[in-house]
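Read through the structure below, which is laid out as structure tokens, and then see the notes.
Proteins come first, then strands; the chains are lettered A, B, ... in the order of their sequence lines, and each starts at number 1. Below, each value reflects all heavy atoms present in this structure, side chains not excepted, and no hydrogens, waters or symmetry copies. No experiment lies behind these values; they were computed from the predicted model shown.
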There are 2 protein chains.
Amino acid sequence: MSDLLARLRDRHWRLTAQRRVVAQVLDGDHVHFTADEIHARAVALLPEISRATVYNTLGELVALGEVLEVSTDGRAKRYDPNAHHAHQHLVCESCGTIRDVHPSGDPLGSLPATERYGFSVSGVEVTYRGLCPNCAQK
Amino acid sequence: MSDLLARLRDRHWRLTAQRRVVAQVLDGDHVHFTADEIHARAVALLPEISRATVYNTLGELVALGEVLEVSTDGRAKRYDPNAHHAHQHLVCESCGTIRDVHPSGDPLGSLPATERYGFSVSGVEVTYRGLCPNCAQK
DNA sequence: ACCCTACCTTAGACATTGTCTAAGTCAACA
DNA sequence: TGTTGACTTAGACAATGTCTAAGGTAGGGT
Ligand SMILES: [Mn+2]
Ligand SMILES: [Mn+2]
Ligand SMILES: [Zn+2]
Ligand SMILES: [Zn+2]
């Protein structure tokens, strides 16, 4: 994630304490936190950080392509720092656990030209749903 | 959609004016309205119908498997009466238009056993994103 | 046809998630 | 070290969805 800070410096970002803390919370490639979860963890490191700044910083990281926005449940969006390796998600319907998964083949290839209705198709999101081992054993 | 009313009667649903109107708004297999859009159209047919009843009725139709809930944009959920033919969605990133599409192959099959982490995988949602012909011509 | 009553509907309060504004603060550059 | 425009903040506001208590009614029983 220090890579991330370097990239942001290159883009003439001001490196404020607040932005450092948000980046630190997102460190680790397999987290999928909501904005409020990120805010709570950020407050533990920098008590005076505001909700607005967390939302602002996350929005900027998404616009820069450094973080992905994931909506797996129609509730709060989740923020995914694993933006540099294409992947999809497997979600437990019971406890909400999210795993990164890597399907075989190109997901875009599954949409035939006759099903594209003249769209220029540029991306695809796949969400697999099921029960995780913990929740499956009732 | 009269099929739907018959099925609901069979399940001992009370056929109230409000429920008839919600079903009528959802008639047609290729609509993807938000709850508020459905409420606005329902009010045009039955002015005193409340927001709570629309939400209640939609939730019940989803629980019965007669309507699908679709979250394509992280904003309001959309309600899809085309619940009896498996399909996926193609969304215009600019204007939000949604088309039903039918990918080739079984979308579930693209997730190898080694990527399932012990989950019992029961479903998959695929959202293709791009620009519709109207929006593509700037 | 009329009652009952369990189920349904309603208005509006409340909850969650996200956006915006105006005023104060500070990181980076000179 | 001073300057300045970008950044942060508290809190109001907005959008979407949930809940409750009170009143209404569909449909079975008579
Ligand atoms: Mn991920
Ligand atoms: Mn559909
Ligand atoms: Zn689980
Ligand atoms: Zn479009």
Side-chain angles (χ1 to χ4, degrees), chain A residues 5-25 32-64 66-80 96, chain B residues 5-25 32-64 66-80 96:
Chain A
L5 292 180
R7 284 197 297 278
L8 295 179
R9 205 161 26 232
D10 288 349
R11 305 213 208 197
H12 308 108
W13 257 41
R14 280 203 195 167
L15 291 190
T16 65
Q18 291 83 354
R19 287 172 169 178
R20 277 177 218 274
V21 162
V22 170
Q24 185 176 343
V25 169
H32 302 90
F33 293 138
T34 65
D36 266 1
E37 289 167 349
I38 292 166
H39 180 237
R41 284 169 167 77
V43 163
L45 300 170
L46 183 71
E48 68 273 24
I49 191 174
S50 73
R51 238 167 45 94
T53 293
V54 170
Y55 275 102
N56 287 343
T57 302
L58 290 172
E60 291 156 359
L61 289 171
V62 169
L64 292 173
E66 295 287 351
V67 167
L68 300 176
E69 226 170 36
V70 182
S71 305
T72 51
D73 62 353
R75 310 283 307 273
K77 290 174 188 164
R78 292 177 175 274
Y79 293 88
D80 184 341
Chain B
L5 291 181
R7 285 197 296 276
L8 296 178
R9 206 163 24 234
D10 289 347
R11 306 213 207 195
H12 308 107
W13 256 41
R14 279 203 196 168
L15 291 190
T16 65
Q18 291 83 353
R19 287 172 170 180
R20 279 177 216 272
V21 162
V22 170
Q24 184 177 343
V25 169
H32 302 89
F33 293 139
T34 65
D36 267 1
E37 289 167 349
I38 292 166
H39 180 238
R41 285 170 167 76
V43 162
L45 300 170
L46 184 72
E48 68 273 25
I49 190 173
S50 73
R51 238 165 45 92
T53 294
V54 171
Y55 275 102
N56 287 344
T57 303
L58 290 173
E60 290 155 359
L61 290 171
V62 169
L64 291 174
E66 296 287 352
V67 166
L68 299 176
E69 224 170 40
V70 182
S71 304
T72 51
D73 62 352
R75 309 284 306 272
K77 290 175 188 164
R78 291 177 175 274
Y79 293 88
D80 184 341

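- One N or O donor and one acceptor, one from the side chain of B:Arg14 and one from the base of C:dC7, sit under 3.5 Å apart.
- In this model, the phosphate group of D:dT18 is not approached by any side-chain N or O of B:Tyr55 to a distance below 4.0 Å at OP1 or OP2.
- With B:Val22 as the fixed residue, the side-chain contact (heavy atoms from CB on, under 4.5 Å) test singles out one of B:Thr53, B:Thr16, B:Leu45, B:Ile49: B:Ile49.
- To the nearest angstrom, C1' of D:dT16 lies 14 Å from CG of A:Asp73.
- Residue contacts for A:Ala52: at a heavy-atom cut-off of 4.0 Å it reaches a base atom on one of the strands shown.
- To the nearest angstrom, C1' of D:dA15 lies 15 Å from CZ of A:Arg75.
- Counting to the nearest Å, the P atom of C:dT21 and the CG atom of A:Asn56 are 12 Å from each other.
- Phosphate proximity of D:dT9 to A:Gln18: present, with a side-chain N or O under 4.0 Å from OP1 or OP2.
- If B:Arg78 and B:Leu15 are placed on DNA chain D by their nearest nucleotide, the residue sitting closer to the 5' end is B:Arg78.
- In this structure the side chain of A:Leu58 never reaches within 4.5 angstrom of the side chain of A:Phe33, judged on heavy atoms.
- Rounded to whole Å, atom P of C:dG18 lies 13 Å from atom NE2 of A:His39.
- In terms of position on DNA chain C, the residue among A:Thr34 and B:Trp13 whose nearest nucleotide sits closer to the 5' end is B:Trp13.
- Remark: side-chain polar atoms of B:Arg51 are not paired, donor with acceptor, to backbone N or O of B:His39 under 3.5 angstrom.
- Counting to the nearest Å, the P atom of C:dT10 and the CG atom of B:Leu46 are 7 Å from each other.
- Contact annotation: A:Thr16 side-chain N/O to C:dC26 OP1/OP2 distance is not under 4.0 Å.
- Distance, A:Lys77 NZ to C:dT16 P: 19 Å, rounded to whole Å.
- Of the charged side-chain nitrogens involved, at least one lies within less than 4.0 Å of a carboxylate oxygen, so that A:Arg11 and A:Glu66 count as a salt-bridged pair.
- Annotation: of the two residues near DNA chain D, A:His12 and B:Arg51, the 5′-most nearest-nucleotide partner is A:His12.
- Rounded to an integer number of Å, the gap from CZ of A:Arg20 to C1' of D:dT8 is 15 Å.
- The phosphate of C:dT9 (OP1 or OP2) has a side-chain N or O of B:Arg19 nearer than 4.0 angstrom.
- Per the geometry, CG belonging to B:Leu58 stands 13 Å off C1' belonging to D:dT16, to the nearest Å.
- The only option from B:Leu68, B:Val54, B:Val62 that meets the side-chain contact (heavy atoms from CB on, under 4.5 Å) definition with B:Tyr79 turns out to be B:Val62.
- The listed nucleotides are D:dT9, C:dT10, C:dT17; the one nearest the side chain of A:Glu48 is D:dT9.
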